[in-house]
Amino acid sequence: SAVISQKPSRDICQRGTSLTIQCQVDSQVTMMFWYRQQPGQSLTLIATANQGSEATYESGFVIDKFPISRPNLTFSTLTVSNMSPEDSSIYLCSVEVTGIRFFGSGTQLSVL
Amino acid sequence: QKEVEQNSGPLSVPEGAIASLNCTYSDRGSQSFFWYRQYSGKSPELIMFIYSNGDKEDGRFTAQLNKASQYVSLLIRDSQPSDSATYLCAVRNNAGNMLTFGGGTRLMVKP
């Protein structure tokens, strides 16, 4: 398994601002994943982050809105830019170990 | 048609009963299947995974896979109120590079 630390655990932000979410893993992993979970919905993959290369974004998500950094094999950040109330969701960091995906504790974001 | 489908529920069962959660998938070549439990306000946690046809048991949980019929089930025996949560089915595609989640089934176990 993997121990994934994610912060902040929650935040309330004003419209038009940006929030950076941090994800730290206790072991080196090739890929890190960022998910969004809107209220009452399942998980939607935002992007996959590999160390040393640009993140790969899923359809409907763009780098300008969700820039991702992956400076090393244990850390990644996701920024939610120019936020609107529609961005209110839980954001989850995830890693894969031996074919199994594990999740961080999540960041509950509310945009006013 | 969604790639991974689950009945959203809620599925309500009395304490001590067997809860049966079902998941169907569209990609016939899918190779591995996962069940996650998610309590309200928490992140998903892995309960079980299964790769081969048949049953896999772990304590009160049994995963059942039928590739010919393209469904995977999770049985929870002796259901407890603490099992009340949303259960997410996830399916990995044949190429192994994509993990698709179902919408989840909300389970309520009533004392």
Side-chain angles (χ1 to χ4, degrees), chain A residues 1-12 21-25 29-50 55-61 78 88-110, chain B residues 1-10 21-26 30-52 56 58 61 63 65 72 74 85-108:
Chain A
S1 65
V3 177
I4 307 169
S5 302
Q6 190 175 334
K7 58 182 183 182
S9 59
R10 62 177 62 235
D11 207 340
I12 301 173
I21 302 168
Q22 298 181 8
C23 180
Q24 178 79 50
V25 191
V29 292
T30 304
M31 291 188 290
M32 295 178 77
F33 307 89
W34 287 99
Y35 285 86
R36 181 174 72 183
Q37 188 173 32
Q38 294 179 304
Q41 303 296 314
S42 189
L43 306 176
T44 301
L45 182 64
I46 297 172
T48 302
N50 289 324
T56 301
Y57 289 82
E58 299 299 308
S59 176
F61 298 96
L78 169 75
S88 297
S89 288
I90 297 173
Y91 292 85
L92 292 156
C93 171
S94 175
V95 303
E96 197 159 286
V97 177
T98 59
I100 297 173
R101 210 157 286 189
F102 297 93
F103 292 88
S105 54
T107 297
Q108 183 154 358
L109 172 62
S110 297
Chain B
Q1 181 186 3
K2 293 182 181 177
E3 295 178 33
V4 179
E5 292 210 53
Q6 298 179 254
N7 188 317
S8 61
L21 305 162
N22 299 313
C23 172
T24 58
Y25 58 94
S26 59
S30 298
Q31 293 296 325
S32 46
F33 308 84
F34 305 84
W35 283 100
Y36 289 83
R37 177 177 62 199
Q38 186 175 25
Y39 292 113
S40 181
K42 302 294 185 182
S43 64
E45 55 179 328
L46 181 73
I47 298 177
M48 292 190 70
F49 59 88
I50 186 168
Y51 300 144
S52 304
K56 179 181 179 182
D58 184 0
F61 298 95
L65 175 60
V72 56
L74 179 70
T86 296
Y87 290 79
L88 300 168
C89 170
V91 177
R92 187 180 300 281
N93 66 342
N94 191 27
N97 61 352
M98 191 181 308
L99 185 68
T100 303
F101 284 84
T105 297
R106 183 174 162 220
L107 173 66
M108 297 172 59

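Throughout, a chain's letter reflects where its sequence line sits, starting with A, and its residues are numbered from 1.
Annotation for Gly102(B) and Leu88(B): closest pair O-CD2, 3.8 Å, computed over non-hydrogen atoms. Here the shortest heavy-atom pairing between Met32(A) and Cys93(A) reads CE-SG, 3.8 Å.
Arg92(B) has a carboxylate O that lies under 4.0 Å from a charged side-chain N of Glu96(A), or vice versa, which qualifies the two as a salt bridge.
Looking at Gln37(A), the atoms closer than 4.5 Å to chain B (heavy atoms on both sides) all sit in the side chain, from C-beta outward. Looking at Phe33(A), neither its backbone nor its side chain comes within 4.5 Å of chain B, counting heavy atoms on both sides. Residue contact with chain A, scored on non-hydrogen atoms closer than 4.5 Å, involves the side chain of Gln38(B) exclusively. Heavy-atom distances place no part of Arg10(A) under 4.5 Å from chain B, backbone and side chain included.
Heavy-atom pairs under 4.5 Å with chain B peak, among Gln108(A), Gln41(A), Arg101(A), at Arg101(A).
Donor-acceptor pairing under 3.5 Å is lacking for the side chains of Thr24(B) and Glu5(B).
In this structure, the ring of Phe101(B) has its center no less than 6.0 angstrom from the ring center of Phe34(B).
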